[in-house]
Amino acid sequence: KGGYIQIDKLPMFDNTDWFDKNIRVKIGHYQPNYGDQQFRRSDNGNAIYNPFVGNYIMDAFTTEIGGEVYVFPVDGIMVMAGATAGLIKGDVATPAEGRARKPSIYLKAAYDKNLNDDVRVRLAASMVANGSTIRNTMYAGDRTGSRFYGVMDEEGASLGSAFRSGRWNPNFRNSLMAVQINPFVKFKGLEIFGVYEMASGNSYSTNDKGESELLDDTKRSVTQIGGEVIYRFLKNEQMYIGGKYNVISGELNSSWGEPGNYTDASINRLEVAAGWFPTKNLLLKVGYIQQKYVDIPADQLITDGEFGGVVIEAVVGF
């Protein structure tokens, strides 16, 4: 997922306690620190921190070139400001006519504290904004694929081109403004995590002359809500059971219809899961998933869509 320089101390200078104790700097190619759901998601290199099989329907994850500055003013509080190139890969070519390349700016603040030996609380808020870029991938940056292989895709479709099966990309490729709030509480073996996310933006299209143009001057908006409840038990919390509910709603139909002709729709998912850690590096989990597509315009592949079933997954983590 990239490589970066992280600076936590300045031993080459004298009297740098102000930096060593309170500041961290990251520079390079990395995963922008937007939202806390990214720390609980699966990819093909790391699925051991996700107690469920699926990621969130609207999956905020990308890797970009940039820098982040963290400040830890007091114990338990973190604030961060960052900027990236706004692209999943470096590009110095001149953009097509009508397009602009601007950086992504993002902010994050979090309170994270162990109140006692049994209780940990965390509340985080993140924001990311990009006024115009040639290909924003905040909700399309995952290259490793969905765990719901091929569901809701055309029969015979290549799994390589359908790697977001069961998820949804709002297609904010040109501009993006998003906010995510994440509460977390852990009391002994009981764990609660939440997601509230609001995102808006627009995308480019290509007209019949081969020129780039905006699909719509009016930005579309999407809201995502999710909640997880997990109970971990046995010695060292080796087993767990849990449930997750996730829904996105808004102007979802960015891939069909005439430009500017959007209608409200929603996608909801319920997932129930159980897991067992035979060792700290091995995880076996099973999930039952039920997902529905609501108010999708007529004559679309996913109109009145629904899928459900069981997925068993084994994970090795290092």
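Residue numbers start at 1 and run along the sequence shown.
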Taking it one step at a time, do Tyr196 and Asn182 satisfy side chain to side chain contact (heavy atoms under 4.5 Å, CB included)?
CA-CA 7 Å; Tyr196 180 76; Asn182 305 107; over 6 Å; no
Where does the angle between the aromatic ring planes of Phe307 and Tyr293 fall among parallel (under 30°), tilted (30 to 60°) and perpendicular (over 60°)?
tilted
Are the side chain of [X] and the backbone of [Y] linked by a donor-acceptor contact shorter than 3.5 Å?
{"X": "Asn130", "Y": "Leu176", "answer": "no"}
{"X": "Asn281", "Y": "Gly317", "answer": "yes"}
{"X": "Ser126", "Y": "Gly35", "answer": "yes"}
{"X": "Arg269", "Y": "Gly166", "answer": "yes"}

To the nearest 0.5 Å, tell me how far [X] [atom1] sits from [Y] [atom2].
{"X": "Ile134", "Y": "Arg101", "atom1": "CD1", "atom2": "CZ", "answer": "4.5 Å"}
{"X": "Glu271", "Y": "Gln290", "atom1": "CD", "atom2": "CD", "answer": "11.5 Å"}
{"X": "Glu306", "Y": "Asn268", "atom1": "CD", "atom2": "CG", "answer": "9.0 Å"}
{"X": "Ser42", "Y": "Asn55", "atom1": "OG", "atom2": "CG", "answer": "5.0 Å"}
{"X": "Ile296", "Y": "Ser266", "atom1": "CD1", "atom2": "OG", "answer": "7.0 Å"}
{"X": "Leu107", "Y": "Glu68", "atom1": "CG", "atom2": "CD", "answer": "11.0 Å"}

In terms of heavy-atom contacts, does [atom1] of [X] have more than 12 from other residues, nucleotides or ligands at under 6.0 Å?
{"X": "Arg122", "atom1": "CZ", "answer": "yes"}
{"X": "Asn116", "atom1": "CG", "answer": "yes"}
{"X": "Lys186", "atom1": "NZ", "answer": "yes"}
{"X": "Phe72", "atom1": "CZ", "answer": "yes"}
{"X": "Asp118", "atom1": "CG", "answer": "yes"}

[X], [Y]: one ILVMFWY side-chain cluster at the under-4.5 Å cut-off?
{"X": "Val195", "Y": "Phe61", "value": "no"}
{"X": "Met127", "Y": "Val69", "value": "no"}
{"X": "Tyr139", "Y": "Tyr106", "value": "yes"}
{"X": "Ile289", "Y": "Val229", "value": "no"}

Donor-acceptor side-chain pairing of [X] and [Y] below 3.5 angstrom:
{"X": "Asn174", "Y": "Ser203", "value": "no"}
{"X": "Thr62", "Y": "Thr137", "value": "yes"}
{"X": "Asp36", "Y": "Gln38", "value": "no"}
{"X": "Glu237", "Y": "Tyr231", "value": "no"}
{"X": "Arg173", "Y": "Asn171", "value": "yes"}

Kindly determine whether Tyr70 and Lys108 satisfy side chain to side chain contact (heavy atoms under 4.5 Å, CB included), including the steps that lead there.
CA-CA 9 Å; Tyr70 293 77; Lys108 187 170 190 177; over 6 Å; no
Please name the pair of heavy atoms, one in Val25 and one in Phe19, separated by the smallest distance, quoted to 0.1 Å.
CG2-CZ, 4.1 Å
Which residues share a side chain to side chain donor-acceptor pair (under 3.5 Å) with Asp20, sequence neighbours left out
Thr16
Quick one: side chain to side chain donor-acceptor pair (under 3.5 Å) partners of Thr84, sequence neighbours excluded?
Glu64
Worked verdict on Asn50 versus Lys285 for side chain to side chain contact (heavy atoms under 4.5 Å, CB included)
CA-CA 10 Å; Asn50 186 354; Lys285 51 186 170 180; 3.8 Å; yes
Does Arg40 make a cation-pi contact with Phe193, if we ask for NZ or CZ under 6.0 Å from the ring centre and within 45° of the axis?
yes
Please confirm whether Lys113 makes a cation-pi placement over Tyr111, using NZ or CZ under 6.0 Å from the six-membered ring centre and within 45° of the ring normal.
no
Would you sort out whether Asn33 and Gln31 count as a side-chain hydrogen bond (donor to acceptor under 3.5 Å, both in side chains), showing the intermediate values?
CA-CA 6 Å; Asn33 192 357; Gln31 180 177 331; over 6 Å; no
Pairs of donor and acceptor atoms involving the side chains of residues 238-248, under 3.5 Å and at least two apart or interchain, shall be tabulated with distances.
unit_1 : atom_1 : unit_2 : atom_2 : d
Gln238 : NE2    : Phe277 : O      : 3.1
Tyr240 : OH     : Pro51  : O      : 2.7
Lys244 : NZ     : Gly54  : O      : 3.0
Asn246 : OD1    : Ile57  : N      : 2.8
Asn246 : ND2    : Gln224 : OE1    : 3.4
Asn246 : ND2    : Ile225 : O      : 3.1

